[in-house]
There are 2 protein chains.
Amino acid sequence: MTKGLPMPARRASAKDDGRQAGLLTPVNDRRISALIVDQVRTLIHEGKLSSGDRLPPEREMCERFGVSRVTVREALRVLEASGLVEIRVGAHGGAFVTKPTSDRVGASIVDLLTLSSVTATEVTAVRMVLEVGIIPLLCESVDDEDIAELNAICDRQEAALDSGDYHVSLSAEFHTRLAAATHNTAFEMLIQSFHGPLLMSLAKAKSTAPEMGRRGLEEHRAIVEAVRTGDVATGERIMREHLSRTADRLCLDEEPARKA
Amino acid sequence: MTKGLPMPARRASAKDDGRQAGLLTPVNDRRISALIVDQVRTLIHEGKLSSGDRLPPEREMCERFGVSRVTVREALRVLEASGLVEIRVGAHGGAFVTKPTSDRVGASIVDLLTLSSVTATEVTAVRMVLEVGIIPLLCESVDDEDIAELNAICDRQEAALDSGDYHVSLSAEFHTRLAAATHNTAFEMLIQSFHGPLLMSLAKAKSTAPEMGRRGLEEHRAIVEAVRTGDVATGERIMREHLSRTADRLCLDEEPARKA
DNA sequence: CAGGGATCATTGGTCATACCCTAATCCGGT
DNA sequence: ACCGGATTAGGGTATGACCAATGATCCCTG
């Protein structure tokens, strides 16, 4: 069956097909694995495939598309790299549509940021705008559950501080959860994404400022309180200070390299 | 040379090697292509490979890594999907390290946003925070060149309006250029990214509001003026109104589907 | 001598087949 | 009832071959 059918996108031998659809598919059909990718991606976007669904086994896809396994596999690689599917090996494994985790965007953003000669200082500026900017929204949208969870995180931070094994990731958790309280996924993903890359540059800075965790915690609590009571001004002010301190610590060891 | 050495990650045939390095490489070496990807990515991050550089031909990489061509090609696919390299065919083609274009992050963000059941309304909220949030920064950072270019864009918009072939992309251009005036690449990328997805949902809305372009233009000009004179309050106000109108137009045909 | 078309070499794109390895499941023995 | 090997589904990799695209080169012609 594999060789039998001509298959839709067979590489457009000069002028047989692939020109008919001209305007409909503006994409040049160079590389048929890309076509498979588009097809799957479309299915996902249209919701015909959703989180957890499993794509057919590679060998079966080969037949369905009338292409070789390499081609299918290349398509899977890019789908995987795009964070759309996750491949599991072993019996009953295969390609599963992933639930869109913000880590994905994060990784991608980190990747691009580190390549784009974007300095940590610049990232901090973005965080400043984002995290301060959501305060007004938060004052409107937080519910009891949000407050409870935020407090819980603060408690865990406090415990960690007491036991001495505090880590920046706890702060990251707070900020992410705070963003989630906007009940706007986009904010959550963004803020989480931008918090991630900082962890790197922050890791060592943190160790040089062991005491600062305590103050950060106080600020976290203050922010929760401000948001809970709807005190926009205070919330914004504290968040701004909170982030500024982070920014200051970064300015010290900012890279002089890169950046024309 | 190719066959001579045992090769680092050969899949550990039972017990010959790959166990030696045990503790040294805690990472599970599942999938060789991933190792290649990491290696290249690291080289790029370290600056040992930079924009425009060409990677060796596939066949040569096979020898260098001691793996088959499929493996190398899979690695290239994911590097390509990650936006790190661009593949060109034909003689003297190959994998070229791409210059980090913000479109890349954009595409990635768009991808994740559209997958994450993020509504256009939510995206608009983010834009609101971002674009209003940069106004204070802009008032500090704009230079004459920025102003000149922004005015030029406004002029082009006006011309387009007069001749009747105005399109939303012109508005997008304005907002993107405005973001660029922060001289913070991160902002530029973000705002551009978030403007993109809106074009889709906006395309038809725009056609139903043909007259609105004129008013948008006025607001654009007012924003430029406010930023130029450092009038933060006015700038923020106008931008807020400007975006609000966009938001209003969206609420009409917002999708009721998705989103639990 | 100059220009233009045919040729060639380089390099990615695809295919087919074969084999290995992993992991979930099944089944029989204890 | 439980444990452990056999089974099996399905991904990972290797080979080797051939096609297609494209830039460079070379030769032929005007």
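Keep in mind that the numbers below use all heavy atoms, side chains included, and drop hydrogens, waters and symmetry copies. Residue numbers begin at 1 in each chain, while the letters A, B, ... track the order of the sequences.
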Exercise. Are Arg31(B) and Glu80(A) within salt-bridge range, i.e. N to O under 4.0 Å?
Worked result: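 Yes, charged N to carboxylate O under 4.0 Å.
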Exercise. For Arg59(B), which residues count as a side chain to side chain contact (heavy atoms under 4.5 Å, CB included) partner, sequence neighbours excluded?
Worked result: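 Per chain and number, Arg59(B) pairs via side chain to side chain contact (heavy atoms under 4.5 Å, CB included) with Arg69(B).
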For this session: State which residues pass side chain to side chain contact (heavy atoms under 4.5 Å, CB included) with Asn151(A); sequence neighbours excluded, sorted by chain then number.
Result: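 Here the qualifying residues are Ile147(A), Arg221(A), Val224(A).
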Exercise. To the nearest Å, how far apart are Glu74(A) CD and dA16(C) C1'?
Worked result: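 Rounded to the whole Å, the gap is 15 Å.
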Which nucleotide in the set [options] lies at the smallest distance from any side-chain heavy atom of [X]?
{"X": "Arg30(A)", "options": "dT22(D), dA14(D), dA17(D)", "result": "dT22(D)"}
{"X": "Ile87(B)", "options": "dG10(D), dT13(D), dG12(C)", "result": "dG12(C)"}
{"X": "Arg59(A)", "options": "dC19(C), dT11(C), dT14(C)", "result": "dC19(C)"}

Exercise. Which residue, Ser33(A) or Val89(A), contacts DNA chain C at a nucleotide closer to its 5' end, judged by nearest heavy atom?
Worked result: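 Its nearest nucleotide being more 5', the pick is Ser33(A).
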Sort me out a list of protein N/O and nucleotides 8-10 of chain C N/O pairs below 3.5 Å, or just none if empty.
| unit_1 | atom_1 | unit_2 | atom_2 | d |
| --- | --- | --- | --- | --- |
| dT10(C) | O2 | Ala91(B) | N | 3.2 |

Problem set entry | Any Thr71(A) side-chain nitrogen or oxygen under 4.0 Å from OP1 or OP2 of dC15(C) |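 Yes, because at least one side-chain N or O of Thr71(A) sits under 4.0 Å from OP1 or OP2 of dC15(C).
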Exercise. dG13(C) phosphate, OP1 or OP2: any side-chain N/O from Arg77(B) under 4.0 angstrom?
Worked result: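 For dG13(C), OP1 or OP2 has a side-chain N or O of Arg77(B) closer than 4.0 Å.
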Exercise. For Arg156(A), what residues pass the side-chain hydrogen bond (donor to acceptor under 3.5 Å, both in side chains) criterion, not counting sequence neighbours?
Worked result: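 side-chain hydrogen bond (donor to acceptor under 3.5 Å, both in side chains) list for Arg156(A), sorted by chain: Glu173(A).
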Problem set entry | side-chain hydrogen bond (donor to acceptor under 3.5 Å, both in side chains) against Glu60(B), all qualifying residues, sequence neighbours excluded |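 Residues passing side-chain hydrogen bond (donor to acceptor under 3.5 Å, both in side chains) with Glu60(B): Arg64(B).
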Exercise. Below 3.5 Å, does any donor atom in the side chain of Arg88(A) face an acceptor in the base of dG11(D), or the other way round?
Worked result: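 Per atom types, no contact qualifies.
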Exercise. Considering residues at least two apart in sequence or located in another chain, which fulfil the ring pair (Phe, Tyr, Trp, His ring centres under 6.0 Å) criterion with Phe174(A)?
Worked result: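 His220(A).
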